[in-house]
Structure formats: structure tokens, C-alpha cells
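Worksheet: the structure to be examined is printed underneath.
From a predicted model like this one, the values you see are computed outputs, not experimental measurements.
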Amino acid sequence: MLDAMTKDPQAPQLARLAALIADETRAACLLALLDGRAWTAGELARHAGVAASTVSEHLGKLVAGGLLTEERQGRHRYVRLADARVAHLVEDLAAQVSPDTVQRPRSLRESSAGSAMARGRTCYDHLAGRLGIAVTDALTTRRLLRQDTGFALTEAGLKWFEETGIPLVRTGRRPLARACLDWTERRPHLAGVAGAALCRHALAEGWCVRIGSERAVKVTTAGEQALEDLLGISGPTLR
């Protein structure tokens, strides 16, 4: 019999974390919160298709487990993902789901929403979907980003961000550039400080606008022009 003292001390914590996520309602809440915004319990209940009392119980477990943080404003309680680390965990897990096992859209509305999410969306605080991949590929082709030894901005890349007016504010231990596996494209897109800064700039400058109540974003006419001028991305690839 193996000595009980040889068991990895992280095993119980890992099991508890997996159990937290291994619930369809909690998983739906975590995926919704990948948009980086704070949601109320009522909004998440409608999104997950369950009663408000049910989702409140699940949110309590996610907060206690450190996956969510909560804020209160008057009578309203808001929750959001605890940090970028949690967002990356959820997105990476979602990317492991085989496309063949995903339920087919039940209506034209669901199909349209799914197409919009695949075309372009936010993944916590950076761009994902075909839009995120197009930007990542363009940065790499122009030697502003390296992918051969992990994601890293080159000297030219740092200069590009500066000249474009996108400040890279580094706080804490978050990496400047990080690969995040895209669950619809099955390829990595740019995350980290640089990915977040680029997404924030794109939304602030009106290059992209959010559509609907999901994470989907749409590239505007001004955005198509800016991305073509700055990165050589043709408009049709973004539609």
C-alpha cells in the first residue's frame, strides 16, 4: 500500500476546483462572464435558464471558491471573474470541447448569435474569434509578435504599440504577451497585457462595437480602415 504521505498535497485542491466548474449552470455563468463585465444574479439566471434562487446558490459557491468576486451597489449584487487567470482557465477548458459534441443551434437566432461569436468576440479583456486570430496573425507576419518560443512582442512590436498610441501598462505579474487557445478557431490568439490594451483601444476608438448581450463584437467601417492601415488586414476577412 502506498504511504498516504506520498499523495500530492495539491490533489484535494485540484479536485475541489474541478468540482466547482463541473456543473452546467456554473459553467454557463463562467462562460457568460468571459465578456469581462459584471453581471447581476438575475441576468445570469436568465442566461443560464434557471431560477434566480438557484443561480444565487451557484454564485455563492463560485465566490467562495475564488473564481468570482462580488460587488454590491445598493440593492444590486454584481459578480465578475476574479482575474485574468480564471478567464484563461475557462477559455482553455472550453477549447478542449470537441466541435462534434457541441449542441446544434435550435433556432435561427441561436445560429446567428453563434456565427457572431465565432466572427469576433471578447475573451475576458482581449479579442478572440476570427478577429482575434486575424490580428494575431498580422502582428506575427509583420514581426511585431513572435510565436516560435511562446508569445513575445519584439522590439518592433513594442515600438508599434507606442506609435499607435496604445499604452502597455504592466502591473503585477501578468505577462506582456500570452497565447490563449481560441475555442472556435482552435488556434492561439494574443492575450496578456498587450492583448488587453489592444482590445481596450479598439473599443474606445470605435474600431469594434459590442452587439447583443453576449461577448460578440463587430468591426466597424472605421475599424476596417484602421486595421488595414495599421496591420494590413483586409476588410472582407473581418466580416
Under the rule for side-chain hydrogen bond (donor to acceptor under 3.5 Å, both in side chains), what residues qualify as partners of Arg146, not counting sequence neighbours?
Asp148

Nearest heavy-atom contact between Ala48 and Thr25 is CB-CG2, 4.3 Å

In chain order, what residues pass the side-chain hydrogen bond (donor to acceptor under 3.5 Å, both in side chains) check against Arg143, with sequence neighbours excluded?
none

Answer yes or no: is there an ion pair linking Arg187 with Asp137, defined by an N-O contact shorter than 4.0 Å?
yes

Quick one, Leu231 and Trp160 - any side-chain contact, counting heavy atoms below 4.5 Å?
yes

Atom pair CG/CG of Leu139 and Leu153 - distance to nearest 0.5 Å:
8.0 Å

Can you tell if the side chain of Val209 reaches within under 4.5 Å of the side chain of Leu203, non-hydrogen atoms only?
no

Could you check whether the rings of His47 and Trp39 sit parallel, tilted or perpendicular, using 30° and 60° as the cut-offs?
perpendicular

Could you report the tightest heavy-atom contact between Leu34 and Ala87, atom names first, then the distance?
CD2-O, 3.6 Å

What are the two closest non-hydrogen atoms of Leu168 and Ala194, and how far apart are they?
CD2-CA, 3.7 Å

Are any non-hydrogen side-chain atoms of Trp207 and Leu230 less than 4.5 angstrom apart?
yes

Would you mind telling me which of Val135, Thr164, Thr136 makes a side-chain contact (heavy atoms from CB on, under 4.5 Å) with Leu198?
Val135

Measure the shortest side-chain to side-chain distance between Leu30 and Leu93 over non-hydrogen atoms and say whether it is less than 4.5 angstrom.
no

Among Thr69, Thr40, Leu44, find the one that has a side-chain contact (heavy atoms from CB on, under 4.5 Å) with Val79.
Leu44

Please report the shortest heavy-atom distance between Cys180 and Ala191, naming the atom on each side.
CB-CB, 3.8 Å

State which residues pass side-chain hydrogen bond (donor to acceptor under 3.5 Å, both in side chains) with Gln147; sequence neighbours excluded, sorted by chain then number.
Thr140

What is the minimum heavy-atom distance between Thr122 and Arg210, and which atoms define it?
OG1-NH1, 3.4 Å

From NZ (Lys61) to CG (Leu59), nearest 0.5 Å
11.0 Å

Shortest non-hydrogen contact from Gly129 toward Asp182
N-OD2, 2.7 Å

